[in-house]
Q: 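Have a look at this one.
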Amino acid sequence: MIILKSSDELKKIRKSCQIVAEVLEALKSYIKEGLSTREIELFIEKLILKRGGVPAFKGYRGYPASACISINEQVVHGIPSDKVVIKEGDLVSVDVGVICEGFYGDGAYTYKVGKVSEEAERLVKVTEEALYRGIEQALEGRRIGDISYAVQKHVEENGFSVVRAFVGHGIGRALHEDPQIPNFGTASTGPKLKKGMTLAIEPMVNAGTYEVKILADGWTAVTKDGSLSAHFEHTIAVTEDKPEILTKI
Ligand code: MF3
Ligand code: CO
């Protein structure tokens, strides 16, 4: 069941999303070689709490940390660790969730550390562009499949692949609500978009095969072929006009 949000509920989601946006923005200057992913997680946790939010991922289905930090061939759900230290040339994907006044916000960004390879550079650019191609389709009267198709088309035209094992989602009082939003699919299919829907659109894009496997920690998803992966996510609201990107500053 897809839950439409009132303008009052939207205000609360906006608040959580603004904290997510602020964290992802602050990380642009904070993430540097030599930091461990655990140090980055602590920075995120402190900033969320300081802004009056609560980290939404900690404890979610047993997830042990306040953010997911996934490096290079890690696709999503990387668990922050003292032992993982950022180095020059890394791609660092950070996924942040916040809950505030009972409503969730969810966003992700892939950071380039220093000078990265040409392939990494292109992968990050194409993944972020694909997110915006998807968002552009989030108009009243269009369908979920229009978002999926637009993302997949842009990614594949550029020679990369779209992860199938994880999808975007509705968001509100729950982190994951209906509908699911695959990053691959057929235009003009799926649920119709309506004003008041709040959606987390989150392409995960691999340089090689789209297949992933889960590491022994039970969480970290990595590319099956060891190729690089990038992840961008915004929470948006469908309006009677253009989509509102809630996780943008
Ligand atoms: N953005 C991710 C998702 O929507 C993050 C959730 S991961 C978990 O699935 F750590 F919270 F489980
Ligand atoms: Co999400």
Side-chain angles (χ1 to χ4, degrees), residues 2-3 5 13-14 16-21 23-24 27 37-38 40-42 44-45 48 53-71 74-81 84 91-100 103-111 127-128 130-132 134-135 138 144 147-148 151 162-184 197-206 212-222 229-238 243 245-248:
I2 298 177
I3 302 165
K5 279 77 182 182
I13 299 179
R14 210 175 269 126
S16 295
C17 287
Q18 280 303 300
I19 299 173
V20 170
V23 168
L24 293 176
L27 289 174
T37 54
R38 170 78 176 139
I40 298 172
E41 184 217 355
L42 287 176
I44 293 167
E45 189 176 270
I48 293 173
V54 172
F57 296 166
K58 203 174 203 165
Y60 184 82
R61 293 193 189 152
Y63 184 74
S66 289
C68 302
I69 307 182
S70 312
I71 295 176
Q74 298 180 348
V75 178
V76 284
H77 304 164
I79 301 174
S81 160
V84 180
L91 289 187
V92 182
S93 298
V94 179
D95 193 341
V96 175
V98 169
I99 182 162
C100 207
F103 286 88
Y104 284 89
D106 191 3
Y109 194 93
T110 297
Y111 304 87
T127 307
E128 189 171 25
L131 168 61
Y132 285 95
I135 291 172
I144 291 294
I147 299 175
S148 307
V151 171
V162 152
V163 171
R164 269 57 166 175
F166 304 100
V167 297
H169 49 94
I171 180 168
R173 282 189 190 277
L175 176 59
H176 296 126
E177 293 182 354
D178 286 340
Q180 292 201 344
I181 311 171
N183 296 296
F184 56 98
M197 285 185 186
T198 43
L199 308 173
I201 303 176
E202 49 177 321
M204 289 142 270
V205 175
N206 298 349
V212 303
K213 59 181 186 188
I214 308 295
L215 297 185
D217 62 21
W219 281 101
T220 312
V222 299
S229 190
H231 181 206
F232 284 85
E233 176 177 25
H234 272 310
T235 297
I236 63 118
V238 179
I245 303 178
L246 303 167
T247 41
K248 198 163 208 161

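Hydrogens, waters and symmetry mates are skipped; everything else that's a heavy atom, side chains included, is used. Counting starts at 1 for both ligands and their atoms, in listed order. Note that the numbering runs from 1 along the sequence shown for the chain.
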Q: Before giving the answer on side-chain contact (heavy atoms from CB on, under 4.5 Å), spell out for Cys68 and Trp219 the whole-Å C-alpha distance, their side-chain angles and the decisive distance to 0.1 Å.
A: CA-CA 10 Å; Cys68 302; Trp219 281 101; over 6 Å; no
Q: Classify the contact between Cys68 and ligand 1 as side chain, backbone, both or neither, using a heavy-atom distance cut-off of under 4.0 Å.
A: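 Contact part for Cys68 vs ligand 1: side chain (C-beta onward).
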Q: What distance separates Thr198 OG1 from Asp106 CG, expressed to the nearest 0.5 Å?
A: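 The OG1 atom of Thr198 sits 11.0 Å away from the CG atom of Asp106.
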Q: Tell me which protein heavy atom sits closest to atom 9 (O) of ligand 1, plus the residue, atom name and distance to 0.1 Å.
A: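 Here the nearest protein heavy atom works out to His176 NE2, 2.9 Å.
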Q: Would you mind telling me which of Asn183, Ile236, Leu199 makes a side-chain contact (heavy atoms from CB on, under 4.5 Å) with Ile147?
A: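 The option that passes is Leu199.
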Q: Counting both backbone and side chain atoms, is some N or O of Asp95 under 3.5 Å from an N or O of ligand 1?
A: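 Asp95 vs ligand 1: N/O contact under 3.5 Å present.
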Q: Within a distance under 4.0 Å of any heavy atom of His77, pick out the atoms of ligand 1 and give their elements.
A: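 What qualifies from ligand 1 is 7 (S), 9 (O).
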Q: Under the side-chain contact (heavy atoms from CB on, under 4.5 Å) criterion, do Gln18 and Val20 qualify, and how do the steps go?
A: CA-CA 5 Å; Gln18 280 303 300; Val20 170; over 6 Å; no
Q: To which protein heavy atom is atom 10 (F) of ligand 1 closest, and what is the distance rounded to 0.1 Å?
A: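 Looking at atom 10 (F) of ligand 1, the protein heavy atom closest to it is Tyr63 CG, 3.1 Å.
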Q: Just wondering, more than 12 heavy atoms not from Glu128 lying within 6.0 Å of its CD?
A: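 More than 12 within 6.0 Å, yes.
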Q: Between His169 and Leu175, is there a donor-acceptor pair closer than 3.5 Å when you use the side chain of the first and the backbone of the second?
A: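 The answer is yes, because a donor-acceptor pair under 3.5 Å joins these two groups.
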Q: Backbone N or O of His234 within a donor-acceptor pair of the Glu202 side chain at under 3.5 Å?
A: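 Judged by distance alone, no pair lies under 3.5 Å.
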Q: Is there any N or O on Glu233 that sits under 3.5 Å from an N or O of ligand 1?
A: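 Yes: some nitrogen or oxygen of Glu233 is under 3.5 Å from one in ligand 1.
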Q: Pick one: which of Phe166, Tyr104, Tyr60 meets ring-ring contact (aromatic ring centres under 6.0 Å, His included) with His176?
A: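 Passing option: Tyr60.
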Q: We want to know whether Ser81 and Thr37 form a side-chain donor-acceptor pair, criterion being a heavy-atom distance below 3.5 angstrom.
A: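 No donor-acceptor contact under 3.5 Å links the two side chains.
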Q: Identify, with sequence neighbours excluded, every residue that meets side-chain hydrogen bond (donor to acceptor under 3.5 Å, both in side chains) alongside Asp178.
A: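 With sequence neighbours excluded, Asp178 shows a side-chain hydrogen bond (donor to acceptor under 3.5 Å, both in side chains) to no residue whatsoever.
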Q: Of Val23, Thr247, Ile19, which is the lone residue that meets side-chain contact (heavy atoms from CB on, under 4.5 Å) with Val96?
A: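 One option only clears the test, and that one is Val23.
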Q: Does ligand 1 have any atom sitting under 4.0 Å from a heavy atom of Phe166?
A: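 Under 4.0 Å: no for Phe166.
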Q: At a cut-off of 2.8 Å, list the protein N/O/S atoms near the Co ion (ligand 2), residue plus atom name.
A: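 Listed by chain and number, the atoms are Asp106 OD2, His169 NE2, Glu202 OE2, Glu233 OE2.
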Q: Please indicate whether any nitrogen or oxygen in Tyr60 is less than 3.5 Å from any nitrogen or oxygen in ligand 1.
A: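 No.
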Q: If you measure every N or O of His169 against every N or O of ligand 1, does any of those distances drop under 3.5 Å?
A: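 Between His169 and ligand 1 (N or O atoms, distance only) the closest approach is under 3.5 Å.
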Q: Below 4.0 angstrom from a heavy atom of Trp219, which ligand 1 atoms are there? Numbered from 1 as shown, please.
A: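 It comes down to these atoms of ligand 1: 12 (F).
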Q: Under 4.0 Å from ligand 1, counting heavy atoms only, is it the side chain of Arg61, its backbone, both or neither?
A: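 Within the 4.0 Å criterion, Arg61 makes no contact with ligand 1.
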Q: What atoms of ligand 1 come closer than 4.0 angstrom to any heavy atom of Asp106?
A: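 Answer, ordered by atom number: 1 (N), 4 (O).
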Q: Step by step, would you call Ile2 with Glu177 a side-chain contact (heavy atoms from CB on, under 4.5 Å)?
A: CA-CA 7 Å; Ile2 298 177; Glu177 293 182 354; over 6 Å; no
Q: Using a 4.0 Å heavy-atom threshold (strictly under), name the region of Phe57 that reaches ligand 1: side chain, backbone, both or neither.
A: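 The part of Phe57 near ligand 1 is both the backbone and the side chain.
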